[in-house]
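Notes follow once the structure below has been shown.
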Amino acid sequence: MIILKNIEKYYANKGVKSYILRHVSTEIKQGEFVSIMGPSGAGKSTLLNILGMLEEPTYGEYEFMGEDVLSLNERKRIELYRNHIGFVFQAYHLIDEMTVAENIEAPLLYKKVSGAERKSRVADVLDRFNMVAKKDLFPNQLSGGQQQLVGIARALVAQPSIILADEPTGNLQSAQALQIMDLFKKLNEEEGITIIQVTHSEVNAAYGSRILHLLDGVIKEDIAVEQSV
Amino acid sequence: MFRLNLKIALRNLWKNKVYTAINIGGLAIALSAFILVAIYVRFETSFDHNVPNHENIYLLGRTLPDRKTNYTSLSLAQALKEAIPEIENVGRSKKTNFEFAFSTPDGRVYGKDVITIDYTLAKMFHIKPEGGLVKPEGEALNVYLPQEFITAMFPKKTPVFPAKVSIGPLEVKQYADVSGIVNHNVAHSNLVFDALLITADVGKNQEPTAYNYFTYIQVKPGTDMAQLQKKVAAVYKEELKKSAVTAVVNRGSVESKIANEVNLVTNTNKADQSGVFLDPLDNLHLRPIAGNNTNYKVVMALSALTVLVMVIACINFTNLTIAQTNKRAKEVGVKKVLGAYRLSLVFQFLIEILMQCLVALILAIILAEISLPLFNDAFSVSFSLWKDNYELVWQLPIVLLIITLISGIYPALILSGFRPVAVLKGNLQTSYKTLWLRNALLVTQFTVAIVFMAGLLIVSSQLKYMRTEDTGFKAGQVVYIKNIVMFGRPYFENLKARILEMPGVNSFTVASDIPDGSRPGRVDYAMEGKDLGMDIVHVDFDYFETLRLNLKDGRFFSKTYPADAENGIVLNEAAVAAYGVKNPVGKIIRGCDMDYRIVGVVKDAKMQGFETAVEPTVYAIKSDCANDKMKFMVNVDPDHMAGVLAALKSNWKDLNKMDGDDFRYEFMDELYGRLFKKQEQLQAVFYGAAILTIFIATLGLFAFSAFTITSRMKEISIRKVLGASDFNILSLLNSFFIRIVLIANLIGWPIAYIAAQRWLETFAYRIDLPILPFFIAGSISIILTLLTVSFQARNAVKTNPVDALKYE
Ligand SMILES: Nc1ncnc2c1ncn2[C@@H]1O[C@H](COP(=O)(O)OP(=O)(O)O)[C@@H](O)[C@H]1O
Ligand SMILES: [Mg+2]
């Protein structure tokens with residue numbers, strides 16, 4: 001599904017190049033659950049942003065579902081966002097002026113899903129996440145964990161093929177964090193959604209099927225997780 | 001999608017209701033000013049636009065060596081019509097230079113602007129009396145009066161036309177038949193009249209070379225005007241040659257006053273230098289070639305001003321919207337990763353701004369409706385928002401779109417241009433990119449406000465100067481009495497003696513001209529080999545005393561010297577200076593075919609106002625060339641004013657038997673004060689503009705400083721924790737805005753200085769450009785800034801730093 005070849009990223013500051021990613025090459029298949037780990041500043045977010053096409057690498061090749069991402073025009077990329085990619089953020093990034101239901105409905109509007117279907121899909125997701133009672137609340141009326149659930153619900157409602165999550169549980173207490181991880185695992189296993197998450201937590205990483213260890217922009221380790229459960 | 005965006009927009013606006021209110025309020029005020037000015041400009045620029053061929057109608061005028069005039073000879077019209085095929089139609093009008101009484105036993109009215117016009121001119125201007133325009137038979141004069149006149153004379157019921165009324169004093173027993181009612185919107189036409197006399201040929205039984213006709217021509221559509229101008233000039237030259245032979249100085253009739261004056265010039269060697277021009281009807285109201293273009297300047301100034309006020313209000317919008325971008329950034333970032341196109345985001349933000357502008361527009365219409373009476377008062381007009389202003393129906397939506405684009409396009413582009421990765425990483429630094437722009441916009445707002453403040457103060461100083469400065473004469477106790485009786489010594493002396501008997505009357509006189517701003521006639525006088533044109537005021541004894549003019553040298557006219565009434569003459573200082581003679585008193589000056597002896601020199605008096613320098617002027621009791629002396633002036637003690645006026649009113653028919661039935665007067669100081677009218681209008685405009693711009697700029701500052709302070713809350717808290725005092729914080733927050741306002745002052749002062757300088761140069765008598773207004777404008781702007789920013793900062797100063805830092 002994803003093939004990275006020799007991805008490099010650096011920022012030039014006063015003629016000095018500071019590398020953030022070096023020679024990153026890897027392949028991620030449909031249905032994988034990958035965790036990216038590494039110390040702060042290692043380049044994890046940068047790698048995830050490149051995967052999410054929010055940033056462009058300085059060099060290298062990136063193929064997403066058979067398409068060369070770097071030569072895609074803006075319109076095509078937006079099509080990919082609409083149909084294949086769901087983002088989950090550490091800071092949730094819900095739109096404050098929208099209610100829970102409206103936040104979840106938003107991506108469907110861009111996909112031009114009909115009104116009736118939007119309603120039923122939003123209702124479905126709300127039901128599944130046990131949030132029907134909260135659907136008319138605004139984000140600032142929810143706890144962090146609940147907000148992140150809405151964030152995930154929003155990512156899921158458009159039925160993406162891949163979810164990119166940058167420290168999705170970074171701001172949560174561990175009980176809530178585990179709940180989110182369970183959810184990811186379930187989505188991965190039951191619906192076959194590819195998941196790539198950045199995490200600091202060994203525990204969280206253990207939910208996945210594979211761990212990429214990043215250090216100073218270089219993939220140091222690429223290990224498969226033994227499914228203990 | 002649209003509904004959801006709408007909801008977000010409304011929630012956002014509601015969350016920031018103070019700023020929303022400021023945004024919308026500021027814009028509404030500016031828009032209401034725009035609406036009023038649009039109505040005014042439309043009115044001013046559409047004089048005679050209901051005349052179907054208005055763009056093909058021209059008024060003829062002549063260029064003389066020292067002035068331009070629209071008075072043309074009687075014969076010119078016919079000669080043009082015969083010689084030039086492109087001229088479709090010609091028509092003339094002739095003014096009556098005195099008031100005309102129309103009466104019936106039931107009521108009396110005075111026609112102040114009675115004009116006689118050719119039937120062809122009535123057709124050209126599409127004059128439509130009730131019952132239709134009919135061609136007058138033979139030499140008949142068809143009299144048409146406005147509805148008010150008819151109502152006044154026939155209060156019970158509208159008469160059957162032709163209706164008999166008496167003309168002039170009742171005793172004269174002169175009657176005329178009124179042919180009908182004419183309702184011509186004279187307030188919106190260049191053809192101004194209250195009573196209209198239509199005849200087949202205005203020139204019948206008139207002196208053919210008298211120059212007292214207005215000649216209008218209507219050309220065929222598509223005529224080459226440059227060519228036509230040449231042809232008209234050729235015909236004019238021919239006519240001049242003919243008239244030079246037959247010229248007669250036609251005296252004794254009131255109507256030919258102007259003719260006399262102009263003929264004198266034409267008949268001298270200066271005649272060859274005169275030319276002819278065509279002035280389009282469309283330009284006549286605003287910028288006639290022969291006349292002043294103050295109206296035009298006012299229209300231009302008002303338009304420019306409104307545009308400025310609108311720009312300032314739009315700037316507020318832009319500025320506040322940009323300032324809010326950080327709050328909206330996350331929404332943009334998220335929407336983009338959810339798959340929104342940039343264009344749809346631009347559209348969303350523009351719609352949001354359009355909604356606010358729409359609310360502002362509705363408020364503006366309400367505001368305009370409320371403030372219309374004030375506006376009507378300041379400009380002496382009577383506009384209504386909905387009458388005659390159908391254009392607004394399509395103009396306002398266009399304006400709405402334009403202001404939406406002006407104020408919205410930049411913020412919309414900035415907002416929609418956010419890269420999601422920057423937003424979502426949470427390290428958005430865009431505010432610095434737009435900071436210079438926001439500051440520049442703030443500077444612009446204050447610059448405009450400062451220019452208007454300084455301008456207002458300077459205009460006010462000049463007006464104050466004009467009201468208090470010595471004019472060289474005193475109009476305060478003088479009453480101007482209207483009169484239609486030609487001067488005759490015994491009749492006048494009898495009248496004068498009876499008026500002087502009244503207690504409180506100091507003096508009484510008669511003259512050809514009064515200090516109401518009008519120019520007297522001009523005649524050449526020669527002294528010591530110099531032949532110069534002089535303004536000639538035809539006066540009588542006690543003229544100088546009545547107006548309290550000041551003696552420079554020699555003496556004023558006096559009955560002790562009977563010769564004064566024959567050949568005495570008084571010069572003003574400007575005249576003496578023009579001849580350059582040392583001791584003029586006793587010298588001989590020659591003009592109008594006779595020798596005058598100079599008896600005195602009068603100090604210059606600003607009888608034409610402050611804009612033109614005092615003209616070289618001579619005053620004589622006997623002059624065959626000057627206009628007739630018919631205007632009475634009486635100087636009355638203020639304490640007796642009411643009594644004297646009452647006595648004059650009740651005895652007028654007896655005192656001045658030949659004048660008519662009513663005593664008609666005006667206070668001289670009010671007449672003279674009317675010369676200041678347009679400056680007072682300008683002052684009103686500046687007053688409005690200064691208040692508007694200051695208000696809107698301060699609103700902008702109010703909201704903008706609030707945003708700046710909120711976004712610096714964390715910094716403020718850290719500084720407090722580090723030990724900054726409240727005063728430290730206040731001065732920290734103020735200093736930035738003070739700097740902005742100082743820069744605005746530095747830019748605004750020179751602009752105001754240059755503009756004020758140019759304005760003052762239009763006055764012959766003016767103040768030295770004062771420095772104080774600049775400092776006052778500067779101080780006001782700084783004080784307002786301090787107050788506004790400190791008001792906003794008080795919350796920041798009071799808050800507990802822990803609250804702001806807790807969430808980090
Ligand atoms: N715009 C930028 N300019 C310069 N350096 C940057 C920029 N963005 C990120 N970096 C640097 O790149 C490095 C990797 O950042 P990031 O991918 O966010 O690390 P991680 O998510 O692993 O903590 C950091 O050292 C950061 O300072
Ligand atoms: Mg990171």
Side-chain angles (χ1 to χ4, degrees), chain A residues 45-46 48-56 73-99 101-113 115 118 122 138-140 150-151 154-155 157-158 160 163-164 166-167 170-171, chain B residues 1-17 19-20 321 324-349 351-352 355-356 413 415-429 710 806-808:
Chain A
S45 296
T46 309
L48 198 74
N49 286 339
I50 288 175
L51 288 171
M53 302 166 214
L54 297 171
E55 276 183 84
E56 289 197 349
N73 64 19
E74 169 117 10
R75 201 156 270 271
K76 273 267 174 55
R77 214 175 59 230
I78 290 175
E79 288 305 317
L80 289 181
Y81 286 158
R82 289 182 179 178
N83 298 321
H84 296 292
I85 306 176
F87 288 92
V88 176
F89 305 97
Q90 176 176 5
Y92 328 129
H93 290 323
L94 302 178
I95 296 178
D96 299 329
E97 288 75 27
M98 292 187 188
T99 62
E102 285 164 356
N103 262 294
I104 295 173
E105 188 186 4
L108 298 179
L109 292 168
Y110 296 111
K111 277 185 81 167
K112 311 247 156 40
V113 176
R118 282 205 309 270
V122 171
F138 286 94
N140 59 9
V150 177
R154 180 178 67 185
V157 77
I163 286 181
L164 300 172
D166 193 349
E167 304 192 39
N171 287 0
Chain B
M1 170 80 95
F2 183 77
R3 263 194 27 234
L4 188 61
N5 282 340
L6 201 70
K7 265 197 234 165
I8 298 182
L10 289 177
R11 285 171 191 155
N12 251 313
L13 295 176
W14 183 244
K15 216 160 80 179
N16 304 314
K17 33 189 173 308
Y19 310 115
T20 308
T321 318
Q324 288 188 49
T325 48
N326 282 4
K327 288 193 172 177
R328 306 294 297 275
K330 191 170 86 179
E331 181 188 331
V332 172
V334 170
K335 283 191 169 169
K336 279 195 167 179
V337 300
L338 294 182
Y341 290 128
R342 180 168 183 187
L343 204 63
S344 74
L345 290 171
V346 171
F347 193 66
Q348 177 199 336
F349 288 119
I351 293 281
E352 253 175 58
M355 276 166 28
Q356 298 177 64
L413 286 178
L415 267 172
S416 64
F418 283 147
R419 290 181 54 237
V421 63
V423 179
L424 302 176
K425 263 185 183 171
N427 60 351
L428 190 69
Q429 290 292 344
T710 341
K806 193 158 64 179
Y807 295 103
E808 292 304 313

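Chain naming here is simple, since letters A, B, ... match the order of the sequence lines and numbering starts at 1 in each.
- B:Leu13 meets the side chain to side chain contact (heavy atoms under 4.5 Å, CB included) test with B:Thr20, B:Met355, B:Gln356; sequence neighbours excluded.
- What you find for B:Val337 and A:Tyr81 is that their closest heavy atoms are O-CB, 3.6 Å.
- The CD1 atom of A:Ile95 sits 11.0 Å away from the CZ atom of B:Arg11 when rounded to the nearest 0.5 Å.
- A:Tyr92 OH to B:Lys330 NZ: the interatomic distance, rounded to the nearest 0.5 Å, is 10.5 Å.
- Side chains of A:Arg154 and B:Val334 form a contact here, defined as non-hydrogen atoms less than 4.5 Å apart.
- Taking B:Lys335 as the reference, B:Glu331 meet the salt bridge (Lys or Arg N to Asp or Glu O under 4.0 Å) condition, with sequence neighbours excluded.
- Between A:Arg75 and B:Tyr341, the closest side-chain pair of non-hydrogen atoms falls below 4.5 Å.
- Scanning both residues, A:Tyr110 and B:Ala340, for their nearest heavy atoms gives CE2-CB, 3.3 Å.
- With a 4.5 angstrom heavy-atom cutoff, A:Leu80 does not touch chain B via any of its atoms.
- We find the OG1-CD1 distance between A:Thr99 and B:Ile8 to be 9.5 Å, quoted to the nearest 0.5 Å.
- A:Glu55 has its side chain within reach of B:Arg419: a pair of non-hydrogen atoms, C-beta onward, lies under 4.5 Å apart.
- The two atoms that bring B:Leu338 and A:Ala106 nearest to each other are CD1-CB, 3.9 Å, heavy atoms only.
- Neither the backbone nor the side chain of A:Glu74 comes within contact range of chain B; no heavy atoms are under 4.5 Å apart.
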